Amino acid sequence: MKLSEKIALVTGGGRGIGAAICEELAARGATVVVNYSRSAEAAEAVAAAIVAAGGKARTWQADVASIEQVDAMIKGIVAEFGRIDILVNNAGITRDKLLLRMSEEDWDAVLDTNLKGAFLTLKSAVPVMMKQRSGAIVNVGSVIGKVGGAGQINYSASKSGLVGLTKSAAKEFGSRNIRVNAVAPGFIDTDMTEVLKPEYRDAILKQIPLARMGAAADVAKVVAFLCSEDAAYVHGEVISIDGGLFM
Ligand code: NAP
């Protein structure tokens, strides 16, 4: 599972699952670019903790929904490090509302970040990986992309869309030795789930066979595996990390 010499970009790497992924990749030897859009302080703290532990990291501000900012980030990473080996599309937001209350803006904000963001990073990073004739991409989907969720029409559509994007990209780039996979986390303890009402949280916990919420590190370990040579023949796959919630 060694990732030495690898250059990794993790979108939304400053908080929650993204921060755990940055730490896990760095612990395995990768040089990690911690992308953030608003949380500069949190991202700097993640990079500083990695460096303090003897790893290599730097932060990079870019809104994944902006083609100009994504393009500038990928070009900047290539200018600084010469390559990009690992891309983890983790940035994501929710704007949960029942359909009748959901505005076009709620729809656009979630789709632009969660789905278009992955499209934009692929568009910029894949040509670099093609020239290298190697790369590993992991998209962070969700159990909600598989089963849907009341009040989450925008979010579930974005995460189902990521599954289609993952499989199509796997078919397009496989012959160039670029592996593309996705993970589908269940309910993971982060800021995103912190806002859930306690009664909703309890109801979900009763449905999880492993009887606990997941930790960000539970997701990070699987992502690191998918980025590594140990997963050399895993391609176009969506791996659930949900304590058995959906099976
Ligand atoms: P979180 O704690 O709310 O973190 C979200 C991350 O996304 C932050 O680092 C945030 O950075 C970044 N982000 C948001 N908009 C961005 C943008 N436009 N450009 C760049 N970065 C952006 O959420 P989380 O729970 O760690 O979620 C991470 C991923 O896992 C998301 O894709 C989420 O859908 C998915 N997921 C989470 C769960 C769960 O239970 N927590 C379950 C399934 C899937 P800034 O603060 O800098 O904006």
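One-based numbering along the sequence shown. Keep in mind the model is a prediction, meaning the values are calculated, not measured. Read the numbers this way: they start at 1 and go in the same order the structure lists the ligands and their atoms. Only heavy atoms go into these numbers, but all of them, side chains included; no hydrogens, no water, no symmetry mates.
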Using a 3.5 Å cut-off on N or O atoms only, is [X] in polar contact with ligand 1?
X: N114; value: no
X: I17; value: yes
X: V64; value: yes
X: G12; value: yes
X: T193; value: no

Would you kindly specify which portion of [X] sits under 4.0 Å from ligand 1, judged on non-hydrogen atoms: side chain, backbone, both or neither?
X: D63; value: both
X: I188; value: both
X: F187; value: backbone
X: T94; value: neither

When rounded to the nearest 0.5 angstrom, what is the spacing between [atom1] in [X] and [atom2] in [Y]?
X: K116; Y: L165; atom1: NZ; atom2: CG; value: 13.5 Å
X: N139; Y: N89; atom1: CG; atom2: CG; value: 4.5 Å
X: S156; Y: K146; atom1: OG; atom2: NZ; value: 14.0 Å
X: I208; Y: L205; atom1: CD1; atom2: CG; value: 5.0 Å
X: K97; Y: Q152; atom1: NZ; atom2: CD; value: 13.0 Å

Atoms of ligand 1 close to [X] [distance to a heavy atom under 4.0 angstrom, numbered from 1]:
X: Y155; value: 33 (C), 34 (O), 35 (C), 36 (N), 43 (C), 44 (C)
X: D191; value: 2 (O)
X: R38; value: 14 (C), 15 (N), 45 (P), 47 (O), 48 (O)
X: Y36; value: 47 (O)
X: N35; value: 20 (C), 21 (N)

Nearest-contact summary for [atom] - protein heavy atom, Å:
atom: atom 46 (O) of ligand 1; answer: S39 OG, 2.5 Å
atom: atom 43 (C) of ligand 1; answer: P185 O, 3.4 Å
atom: atom 41 (N) of ligand 1; answer: T190 OG1, 3.1 Å
atom: atom 44 (C) of ligand 1; answer: G141 O, 3.1 Å
atom: atom 28 (C) of ligand 1; answer: N90 OD1, 3.2 Å
atom: atom 27 (O) of ligand 1; answer: M192 CE, 4.0 Å
atom: atom 2 (O) of ligand 1; answer: R15 NH1, 3.5 Å

In terms of heavy-atom contacts, does [atom1] of [X] have more than 12 from other residues, nucleotides or ligands at under 6.0 Å?
X: R176; atom1: CZ; answer: no
X: E199; atom1: CD; answer: yes
X: F81; atom1: CZ; answer: yes
X: L111; atom1: CG; answer: yes

Shortest heavy-atom approach to [atom] - which of [options]:
atom: atom 14 (C) of ligand 1; options: V219, I144, I93; answer: I93
atom: atom 5 (C) of ligand 1; options: A20, G92, G16; answer: G92
atom: atom 21 (N) of ligand 1; options: S142, A91, G214; answer: A91
atom: atom 11 (O) of ligand 1; options: A40, G186, S37; answer: S37

Candidates D112, N114, T94 - the one meeting side-chain hydrogen bond (donor to acceptor under 3.5 Å, both in side chains) with S158: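 It is N114; the other options fail the test.
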E44 to T59 - nearest heavy-atom pair and separation: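 Taking E44 first and T59 second, the nearest heavy atoms are OE2-OG1, 2.8 Å.
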Sub-4.0 Å heavy-atom contact, [X] with ligand 1:
X: A216; answer: no
X: A62; answer: yes
X: V140; answer: yes
X: K159; answer: yes

Verify same cluster id: L3, V128 (apolar side-chain graph, 4.5 Å):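 In one cluster: no.
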Side chain to side chain donor-acceptor pair (under 3.5 Å) between D63 and S37, intermediate numbers included: CA-CA 5 Å; D63 176 349; S37 61; 5.8 Å; no
R201 side chain vs T193 backbone, donor-acceptor pair below 3.5 Å: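 Checking the backbone N and O of T193 against the side chain of R201, a donor-acceptor pair under 3.5 Å is found.
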Donor-acceptor side-chain pairing of T11 and N35 below 3.5 angstrom: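 Judged by distance alone, the side chains do not pair up.
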Test side chain to side chain contact (heavy atoms under 4.5 Å, CB included) applied to I188 and D218, step by step: CA-CA 9 Å; I188 312 296; D218 293 324; 5.6 Å; no
Check ion pair D189-R212 (N to O, under 4.0 angstrom): no
